[in-house]
Amino acid sequence: LHPMTKKVRVRFAPSPTGGLHLGGVRTVLYNYLFARRHGGDFILRIEDTDQGRFVPGAEEYIMDCLEWCGLVPDESPARGGAYGPYRQSERKAQYGQYAERLVKEGRAYYAFDTPEELDAMRQSYKTPANPSPQYDHTLRNRMRNSLSLDPAETEQLLNAGTPYVIRILPPENETVRFVDMIRGEVSFHTSGIDDKVLLKADGMPTYHLAVVVDDYLMKISHAFRGEEWLPSAPVHILLWHWLFGEDQMPQWAHLPLILKPDGNGKLSKRDGDRLGFPVFAMNWTDPKTNETTGGFREMGFLPEAFVNMLALLGWNDGSDKELFSLEELVQQFSMDRVHKGGAKFDFEKAKWFNHEWIKNTAPTVLKPAVKKTLAAQGIGVQDDILLEKVIALVKERCTLLPDFAAQSAFFFNAPVQTDWEAVRPKWNDKKQLFFVELVRAFQLISGWQHDDLEKEFKEMAAAHQIKAGELLMPFRVMLVGGKFGPGVFDIAVLIGREETIRRIENFLKQI
RNA sequence: GGCCCGUUCGUCUAAGGGUUAGGACACCACCCUUUCACGGUGGUGAUACGAGUUCGAAUCUCGUACGGGCUACCA
């Protein structure tokens, strides 16, 4: 087993190609929890070796997402650290040396095949029985590389500055084994490993080389990534074995995939558009296509709820507990309770988490976010004390932050729309009279608390020989504009005597 | 096709050889509430299949089926 002599250093390494999806955030989260749990460091490294797909602004976006989630790295491109650089592109010069070393030691070779030649190879060897031919031991001798060419020719090509890549040369007949923290021992036969490109023609490393070199140089002790990386793990193990020795290698954990809610397969951003939910942490606008993909933040999720929901998608503490703060997650998290199987994402359950968090969060804490969401709906709030009372009153009926606008707009502005149909059919002179007198009574009443109002209202109803129930709905519509909201007397208390009377009179005038 | 990984209610999951297979979301019913929610009570609903090991299997082994991932000079 891995000697835990060095400090735990886990890293999250996104590629800045745009957006940070659910699986990505969960990977960061597990990294973060593991690091905190063991008093280690959580490192962010940017994998920007593919310049063609690099998207401006994506790196900043990733940092913003992490900050919103409360998962700020100890070391990152922005913050720096003792094991920099934290962007792969800035380490470009070093990768080549490691690749050359592998060639010298006979573990890799030069390949001069052009993209067209590779394409031609894949076309000509493609059969129904073998739909995707590999550049591997079966084919490499028929390609143009330093193994098939004679040494003089290779030398000549190299001297002439012919573009080349460096490919790995997997051992003939061995079994590569490693222990995955989640899956236990996993093994691959080397005959099934193809000659992956390690160093591209532009001198940049591929992920395979870069991840190994970076993890070594940055002293990474644990590396977590999605399950889609499992098939290329043997390449990385081999590289570790040759370059730095397996005793230096991080412990691996391949996280289960997050699947689409309907059907099967990996969750993609397309699924979000199709099914009406976000798949990114925050809104992301691709500067190339100008296309925006929705985020959980903008949809009105609390970061605590978002993180809580993600943590439980593939992990639990063994009990029935489902609500965890980040701090509690840090205390409870363990990699051996992470599941092996993928989990379908369920937006309904995600909303449930948010609802629970809204209900359990104090109005003072909720206030800034609610204020923002109200402002976005054109509802200005001057009275902060009132706002807190309103939040306390309506939060249990809000699932997403924007729900606060619908649920509490009438506290701050008189209703613009009135659901007349809820009242008109049963309206009559007796009721009109009742409310006229109610206004008078409310003007005179001494206390303006819930019980005062209810007592007055019910006594008057009795005096007018109308059931209170028949009057409560009209009263609600007068104050709220519709058939919804908290208790009517609670509402009246909060909007105050003057405003209550104004809304009643206004209604009476219009009906 | 090849290689690898996986499989408990519709969904997320608990149960590490002995439980009436538990909880949550969703759904349904009832209660609370003279609004809408919240809440409460109850209900429908699962160990993919077949062998083997064992007194006893969701749990261990093997096979089958099904699902997924990978199969780029992308990560």
(message) Looking at A/H189, I'd like to know whether one of its side-chain N or O atoms comes within less than 4.0 Å of OP1 or OP2 on B/C4.
(response) no

(message) Taking B/C70 as the reference, what is the distance to B/U59 when you measure between their C1' atoms (whole Å, please)?
(response) 30 Å

(message) Heavy-atom nearest nucleotide on RNA chain B for A/A13 versus A/G265: which residue maps closer to 5'?
(response) A/G265

(request) Under 4.0 Å between any heavy atoms, over every strand shown, what does A/S232 touch: base, sugar-phosphate, or nothing? Just pick one. (result) nothing

(request) Classify the nucleic acid contact of A/P486 as base, sugar-phosphate or nothing, counting any heavy atom under 4.0 Å across all strands shown. (result) base

(message) Under 6.0 Å between ring centres: does that hold for A/Y207 and A/W229?
(response) yes

(message) Say we look at B/A51 and B/C12: how far apart would their C1' atoms be, to the nearest angstrom?
(response) 32 Å

Determine all donor-acceptor pairs shorter than 3.5 Å in which one atom belongs to a side chain in residues 401-408 of chain A; sequence neighbours excluded.
| from | atom 1 | to | atom 2 | distance (Å) |
| --- | --- | --- | --- | --- |
| A/D403 | OD2 | A/T399 | N | 2.9 |
| A/D403 | OD2 | A/L400 | N | 2.9 |
| A/S408 | OG | A/F404 | O | 2.5 |

(message) Heavy atoms only, 4.0 Å cut-off, all strands: where does A/A343 land among base, sugar-phosphate and nothing?
(response) sugar-phosphate

All N/O donor-acceptor pairs, side-chain side in residues 463-490 of chain A, below 3.5 Å, sequence neighbours left out:
| from | atom 1 | to | atom 2 | distance (Å) |
| --- | --- | --- | --- | --- |
| A/H464 | NE2 | A/E437 | OE1 | 3.1 |
| A/R476 | NH1 | A/F484 | O | 2.6 |
| A/R476 | NH1 | A/G485 | O | 3.3 |
| A/R476 | NH1 | A/P486 | O | 3.1 |
| A/R476 | NH2 | A/P486 | O | 2.9 |

(message) Under 4.0 Å, heavy atoms only, any strand: does A/G469 hit a base, just the sugar-phosphate, or nothing?
(response) base

(message) With rounding to the nearest 0.5 angstrom, report the CG to OG1 distance, A/N145 to A/T154.
(response) 8.0 Å

(message) Both A/F112 and A/S319 contact RNA chain B. Taking the nearest nucleotide for each, which residue is further toward the 5' end?
(response) A/S319

(request) Given side chain to side chain contact (heavy atoms under 4.5 Å, CB included), test A/N354 with A/F296 step by step and report yes or no. (result) CA-CA 10 Å; A/N354 206 51; A/F296 278 83; over 6 Å; no

(message) OP1 or OP2 of B/G69 versus the side-chain N and O atoms of A/R183: is any pair under 4.0 Å?
(response) no

(message) Nearest whole Å is fine: how far is B/G16 P from A/H339 NE2?
(response) 14 Å

(request) May I ask you to evaluate whether A/K266 reaches the phosphate of B/C70, defined as a side-chain N or O under 4.0 Å from OP1 or OP2? (result) yes

(message) At 4.0 Å (heavy atoms only), tell me whether A/V197 reaches a base, stays on the sugar-phosphate, or touches nothing.
(response) sugar-phosphate

(message) Using OP1 and OP2 only, check whether a side-chain N or O of A/R177 sits under 4.0 Å from B/C4.
(response) no

(request) Please check the phosphate of B/G2 (OP1 and OP2 only) for any side-chain N or O of A/S132 closer than 4.0 Å. (result) no

(request) Look at the rings of A/W240 and A/Y216 and say which category their plane angle falls in: under 30° parallel, 30 to 60° tilted, over 60° perpendicular. (result) perpendicular

(request) Return the value, rounded to whole Å, for the distance between atom CZ of A/F188 and atom P of B/C5. (result) 6 Å

(request) State whether the side chain of A/R45 and the backbone N or O of A/Q88 hold a donor-acceptor pair below 3.5 Å, judged by distance alone. (result) no

N/O donor to acceptor pairs below 3.5 angstrom from side-chain atoms of residues 13-24 of chain A, sequence neighbours left out:
| from | atom 1 | to | atom 2 | distance (Å) |
| --- | --- | --- | --- | --- |
| A/S15 | OG | A/T17 | OG1 | 3.4 |
| A/H21 | ND1 | A/G23 | N | 3.1 |
| A/H21 | ND1 | A/G24 | N | 3.4 |

Are there any protein N/O atoms within less than 3.5 Å of an N/O atom in nucleotides 46-50 of chain B, and if so, which ones and at what distance?
none

(request) With heavy atoms under 4.0 Å as the rule, sort A/G318 into base, sugar-phosphate or nothing. (result) sugar-phosphate

(request) Could you tell me whether the phosphate oxygens of B/C5, OP1 or OP2, come under 4.0 Å of any side-chain nitrogen or oxygen in A/H254? (result) no

(message) In whole Å, measure the gap between the P atoms of B/G63 and B/G2 for me.
(response) 16 Å

(message) In whole Å, I'd like the distance from the CD1 atom of A/I193 to the C1' atom of B/C70.
(response) 13 Å

(message) What contact category does A/D194 fall into here, base, sugar-phosphate, or nothing, at under 4.0 angstrom with non-hydrogen atoms?
(response) nothing

(request) Answer with base, sugar-phosphate or nothing: what part of the nucleic acid does A/L118 contact at a heavy-atom distance below 4.0 Å? (result) base

Under 3.5 Å, sequence neighbours excluded: what are the donor-acceptor pairs made by side chains of residues 259-266 of chain A?
| from | atom 1 | to | atom 2 | distance (Å) |
| --- | --- | --- | --- | --- |
| A/K260 | NZ | A/D271 | OD1 | 3.4 |
| A/D262 | OD1 | A/R274 | NH2 | 3.1 |
| A/D262 | OD2 | A/R274 | NH1 | 2.9 |

(message) Distance criterion of 3.5 Å, no angle test: do you see the side chain of A/R53 paired donor-to-acceptor with the base of B/C74?
(response) yes

(request) Rounded off to whole Å, could you give me the CH2-to-P distance for the A/W229 and B/G69 pair? (result) 15 Å

(request) Kindly indicate whether the side chain of A/D202, heavy atoms from C-beta on, has any atom under 4.5 Å from the side chain of A/Q51. (result) yes

(request) Check whether any side-chain N or O of A/D136 sits under 3.5 Å from a backbone N or O of A/I193 as a donor-acceptor pair, and report yes or no. (result) no

(message) At 4.0 Å (heavy atoms only), tell me whether A/G52 reaches a base, stays on the sugar-phosphate, or touches nothing.
(response) nothing

(message) Classify the ring geometry of A/Y110 against A/F112: parallel below 30°, tilted from 30° to 60°, perpendicular beyond 60°.
(response) tilted

(request) Please work out if A/S187 contacts a base, only the sugar-phosphate, or nothing of the nucleic acid, heavy-atom cut-off 4.0 Å. (result) sugar-phosphate

(message) Syn or anti for B/C38? Use the chi torsion, O4'-C1'-N9-C4 for purines and O4'-C1'-N1-C2 for pyrimidines, with syn inside 90° of 0.
(response) syn

Distances under 3.5 Å only, N/O to N/O: pair up the protein atoms with those of nucleotides 25-27 of chain B.
| from | atom 1 | to | atom 2 | distance (Å) |
| --- | --- | --- | --- | --- |
| B/C25 | OP1 | A/W352 | NE1 | 3.3 |

(request) Would you mind classifying the nucleic acid contact of A/V186 as base, sugar-phosphate or nothing, using non-hydrogen atoms under 4.0 angstrom? (result) sugar-phosphate

(request) Report yes if a side-chain nitrogen or oxygen of A/N316 is closer than 4.0 Å to either non-bridging phosphate oxygen (OP1 or OP2) of B/A14; otherwise report no. (result) yes

(request) Mind checking A/R225 for me? I need base, sugar-phosphate or nothing, with any heavy atom below 4.0 Å counting as a touch. (result) nothing

(request) Could you tell me whether the phosphate oxygens of B/A75, OP1 or OP2, come under 4.0 Å of any side-chain nitrogen or oxygen in A/K200? (result) yes

(request) Ignoring backbone atoms, establish whether A/K359 has a side-chain N or O less than 4.0 Å from OP1 or OP2 of B/G39. (result) yes

